[in-house]
2 protein chains.
Amino acid sequence: MPNAPRPPRRVTIPDVARHAGVGQATAARVLGGYGSTSAATRERVLAAAAELGYSTNAVARSMISGRTHTLGVVVADVENAYFARAVRGVADVAAKAGLQVVLANSDEDGEKEKAAVQMFVERRVDGLVVAPAAADHEHLDRAVSSGIPVVLLDRALAGADLDTVVVDNRGAAKAAVARLTDDGHRRIAVITSASPADDGTTLAPGADIWTTTERLTGYRQALRAAGIPRSAEVVRHTGYDRAWARSAVLELMTGEDRPTALFTTDNVATLGTLDALLDLGARIPADVSVVGFDDAEWATLIRPRLSVVSQPVQELGGLAADILIRRVNGSTARPRRHTLRTAYVPRESTGPAPARVRRLRAPRQ
Amino acid sequence: MPNAPRPPRRVTIPDVARHAGVGQATAARVLGGYGSTSAATRERVLAAAAELGYSTNAVARSMISGRTHTLGVVVADVENAYFARAVRGVADVAAKAGLQVVLANSDEDGEKEKAAVQMFVERRVDGLVVAPAAADHEHLDRAVSSGIPVVLLDRALAGADLDTVVVDNRGAAKAAVARLTDDGHRRIAVITSASPADDGTTLAPGADIWTTTERLTGYRQALRAAGIPRSAEVVRHTGYDRAWARSAVLELMTGEDRPTALFTTDNVATLGTLDALLDLGARIPADVSVVGFDDAEWATLIRPRLSVVSQPVQELGGLAADILIRRVNGSTARPRRHTLRTAYVPRESTGPAPARVRRLRAPRQ
DNA sequence: CTGTTAGCGCCTTCAT
DNA sequence: ATGAAGGCGCTAACAG
């Protein structure tokens with residue numbers, strides 16, 4: 001990196017003070033909006049400031065106040081609609097409190113997450129929202145003990161004494177799958193994305209699991225409640241990749257004893273699953289029912305419209321910001337888990353199990 | 001707001017120095033990674049720092065260097081996939097240069113944008129990426145003259161002497177519509193979203209227009225080139241709202257002399273358009289061809305797959321960050337416009353104009 | 001190689 | 001109501 005030249009010197013309070021012919025402290029008082037000053041001097045100072053083009057130096061102010069009016073946010077990837085919405089939720093609430101949001105993408109990489117948290121601590125953000133990718137939480141605890149409150153978003157972390165904002169993934173999944181069993185489905189598969197670091201057969205050791213694990217647990221509970229044996233469970237981990245999900249479903253649906261219902265735990269899996277079903281010429285829901293986790297703008301675009309479990313993503317982000325702001329303002333309430341409600345949104349992709357399971361043939365392709 | 005308590009005092013360099021039994025400057029040299037120190041003292045300082053849990057105060061450092069290692073980004077809305085991708089592009093390049101990204105959403109509101117820019121200037125960000133919503137650029141010029149380089153993203157601003165990263169909207173639109181005329185379409189409509197502040201009939205006065213205007217111009221040029229008279233132009237402004245776009249298309253397609261091809265200038269318009277077409281039972285492309293601007297994950301999910309004009313959104317963001325970094329490092333090149341290439345992606349939603357225009361009936365609904 | 005000493009721009013006593 | 005002086009935590013000269 002070429003040695004960056006330092007920026008030009010900006011107009012400072014002493015400059016304004018001199019120009020206005022008042023003391024430095026006086027100028028500071030009117031420009032900082034504190035203390036008391038006579039209307040007359042205020043005018044002169046303001047005029048001088050305008051004339052010189054003065055602009056507050058928030059860095060210097062932070063130096064003294066110890067607050068940066070900034071919230072750090074670590075998510076896997078802002079490009080992911082889920083995180084984009086969550087970030088928006090954080091940003092909106094933050095903005096109302098005069099805080100800005102600094103963003104970091106972890107790409108589900110624990111090391112990147114730790115590096116980001118470290119930076120945020122050094123930058124003295126006022127609070128931190130983290131959708132954890134790393135399985136441990138030492139780095140987060142360190143942030144907290146150095147005075148920066150942390151809120152976990154979307155995913156809980158075992159053993160972490162941190163505020164956590166999540167949905168009841170297990171219950172939501174269980175309820176969704178229960179609809180399927182109620183409709184007579186006995187052979188129900190789960191299609192789920194694992195972390196990209198993963199080899200596709202087992203889940204990566206990481207926190208992103210928590211969400212997935214919970215949803216899988218909910219699925220199992222629903223099957224159990226319907227009297228379906230463990231041996232009838234069908235789980236496909238596909239890696240966080242649409243094409244991968246597609247081929248997994250292609251294989252699954254053209255095999256023996258294929259499922260009559262598919263539950264996808266995230267939108268990447270859903271997209272790949274639908275790709276496969278479309279290519280197979282499967283009729284939804286006549287041949288196979290599909291339920292996705294998380295709503296999406298295209299869920300109502302496709303025909304049949306996709307039934308989903310929707311979560312209040314923006315609210316999750318907003319609540320995280322809220323909690324942080326409260327802590328910044330001195331709250332010392334015990335950290336706790338906040339669980340927001342999901343909603344099962346029945347649309348057209350789910351229906352009764354077919355009386356006869358039609359055989360699906362792989363596309364020429 | 002409750003008066004925020006100031007944060008606890010953190011471990012500082014003097015603390016570490018004392019603990020290590022060295023002078024303050026020595027400790028600073030080790031911890032700041034500059035100057036030279038003996039291996040022995042370095043060890044002691046590092047040990048002391050680790051023991052006390054020292055962490056650099058980037059705020060104090062910024063105070064001196066004048067750099068915050070931060071880029072401000074103002075977009076309409078991170079929730080919008082387009083901006084999410086652009087932000088990601090900026091963040092990736094920024095991260096490689098050790099910069100973080102601070103985010104602000106303008107919601108296409110010029111005032112919000114100005115407030116955000118103002119904040120960024122006060123915070124002394126090292127550079128600013130703005131997808132302008134405001135039509136004027138005084139606030140941006142002020143940022144520049146106060147030493148903060150600005151890059152315009154996605155939208156140019158008339159008369160602004162700023163680096164600008166865009167695509168050739170006009171050319172791309174013209175090329176896409178030309179495909180339609182080549183396919184024999186003579187009645188081609190444009191469906192376009194205007195700013196939400198708008199009443200739906202005219203475009204709001206703002207910069208977001210630039211993109212739209214250019215695309216409309218391209219559309220007109222293509223028609224003209226195909227010998228289609230101005231009187232045959234069909235333009236529907238729908239407000240930035242999917243349902244609105246849907247009803248506009250519903251009305252348009254059930255009326256007299258309906259179009260045989262639709263060109264949508266953004267994804268909200270595309271979504272609403274497809275909603276309408278689906279509800280009308282229109283066969284695509286037999287009854288009507290559709291071309292969208294901007295690719296999307298669902299463009300290949302629907303059948304027929306959607307033909308689109310795709311733009312390198314991440315690259316746009318990355319280039320913006322690049323330019324900024326170069327300027328931070330001292331470049332004084334004249335600001336210029338950088339135009340990235342788009343690609344027309346033919347898929348299945350476009351085809352020859354129908355020989356006989358089938359009448360479409362409004363759905364019972 | 002190391003320690004001392006000024007500030008960076010602002011807020012904050014403390015006097016006046 | 002206003003001014004003078006000290007310090008937030010760090011870097012940068014300058015000596016030694």
Side-chain angles (χ1 to χ4, degrees), chain A residues 3-46 48-49 52-69 121-124 146-147, chain B residues 3-46 48-49 52-69 121-124 146-147:
Chain A
N3 52 338
R6 61 175 58 192
R9 207 183 150 286
R10 307 274 218 320
V11 180
T12 67
I13 284 186
D15 295 331
V16 175
R18 222 167 304 135
H19 196 79
V22 301
Q24 188 185 136
T26 305
R29 275 187 270 259
V30 346
L31 296 173
Y34 55 88
S36 46
T37 45
S38 76
T41 38
R42 157 170 303 146
E43 289 311 311
R44 293 192 18 236
V45 171
L46 255 21
L52 298 179
Y54 169 82
S55 126
T56 300
N57 184 332
V59 177
R61 191 172 280 175
S62 291
M63 238 333 255
I64 296 168
S65 67
R67 314 252 70 125
T68 53
H69 297 285
V121 171
E122 294 182 354
R123 283 173 183 224
R124 304 294 192 255
S146 84
Chain B
N3 51 337
R6 58 176 61 191
R9 204 181 153 288
R10 308 273 218 321
V11 180
T12 67
I13 283 186
D15 295 330
V16 175
R18 223 168 300 135
H19 197 78
V22 300
Q24 189 185 134
T26 305
R29 276 187 271 260
V30 174
L31 298 172
Y34 56 88
S36 45
T37 46
S38 76
T41 36
R42 156 170 305 146
E43 287 312 310
R44 298 201 2 244
V45 172
L46 253 22
L52 298 180
Y54 169 83
S55 126
T56 300
N57 184 333
V59 177
R61 190 171 280 174
S62 290
M63 181 94 180
I64 296 166
S65 67
R67 314 251 68 125
T68 52
H69 298 284
V121 171
E122 295 183 355
R123 284 173 184 222
R124 304 294 192 254
S146 85

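Reminder, nothing fancy here: chain letters follow the sequence lines and each chain counts from 1.
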| message | Can a side-chain donor-acceptor contact be found between A/R18 and A/T12 if the only test is distance below 3.5 angstrom? | response | no
| task | Starting from P on D/dC10, measure out to NE2 on B/H69 and report it in whole angstrom. | result | 15 Å
| said: For a quick check of understanding: with a heavy-atom distance under 4.0 Å over all strands, which category does A/S36 fall into, base, sugar-phosphate or nothing? | reply: base
| Does B/R44 use its side chain to pair, donor to acceptor, with the backbone of B/A20 at less than 3.5 Å? | yes
| request: Side chain of B/N57 only, please: which of D/dT2, D/dG9, C/dG9 is the nearest? | output: D/dG9
| remark: Side-chain contact check for B/S38: nearest option of D/dC10, C/dT2, D/dG9 is C/dT2
| Judged by modelled atom types alone, do A/T37 and A/R42 share a side-chain donor-acceptor pair under 3.5 Å? | yes
| Contact class for B/T41 (heavy atom, under 4.0 Å): base, sugar-phosphate, or nothing? | sugar-phosphate
| said: Please give me the minimum heavy-atom distance between B/P7 and A/G66, naming the atom from each residue. | reply: CG-O, 3.3 Å
| task | Taking only the side-chain heavy atoms of A/Y34 (C-beta and beyond), determine which of D/dG3, D/dT11, C/dT12 contains the nearest atom. | result | C/dT12
| said: I'd like to check A/N57 versus A/R10 (side-chain heavy atoms, cut-off strictly below 4.5 Å). Are they in contact? | reply: no
| Between C/dG3, D/dG9, C/dC11, which nucleotide gets closest to the side-chain atoms of B/M63? | D/dG9
| Interatomic distance where CZ belongs to A/R123 and C1' belongs to D/dG9 [whole Å] | 17 Å
| query | Starting at CD of A/Q24 and ending at C1' of C/dC10, how long is that distance when rounded to a whole Å? | reply | 8 Å
| query | In whole angstrom, what separates A/R42's CZ from D/dT2's C1'? | reply | 14 Å
| A/L31 has an atom CG; how far is it from atom C1' of D/dG3, in whole Å? | 16 Å
| A/I64 near the nucleic acid: base, sugar-phosphate alone, or nothing, with a heavy-atom cut-off under 4.0 Å? | base
| task | Check the distance between D/dG9's P and A/R61's CZ and give it to me in whole angstrom. | result | 18 Å
| request: Compare the minimum distances between each of C/dG9, C/dT12, D/dG9 and the side chain of A/T12, then state the nucleotide with the smallest one. | output: C/dG9
| Counting any heavy atom closer than 4.0 Å, what does A/V22 reach on the DNA or RNA strands: base, sugar-phosphate only, or nothing? | sugar-phosphate
| field | Distance in angstrom units between B/I13 CD1 and C/dG7 P, rounded | value | 19 Å
| field | For atom CZ of A/R10 and atom C1' of C/dG9, their distance in whole Å | value | 12 Å
| query | Would you find a donor on one side and an acceptor on the other, under 3.5 Å apart, between the side chain of B/R61 and the backbone of B/G32? | reply | no
| field | Five-pair end axes of the helix from C/dC1-D/dG16 to C/dT16-D/dA1 and the angle they enclose, rounded to 10° | value | 40°
| query | Just wondering, do A/D15 and A/R9 contact through their side chains at under 4.5 Å, heavy atoms? | reply | yes
| query | Quick one: are A/R124 and B/S55 in side-chain contact, heavy atoms under 4.5 Å? | reply | yes
Close N/O contacts between protein and nucleotides 14-16 of chain D (under 3.5 Å):
none

| query | Which heavy atom of A/L52 sits nearest a heavy atom of A/V11, and at what distance? | reply | O-CG2, 3.2 Å
| Do A/L31 and A/V45 come close enough that some side-chain heavy atom pair is under 4.5 Å? | yes
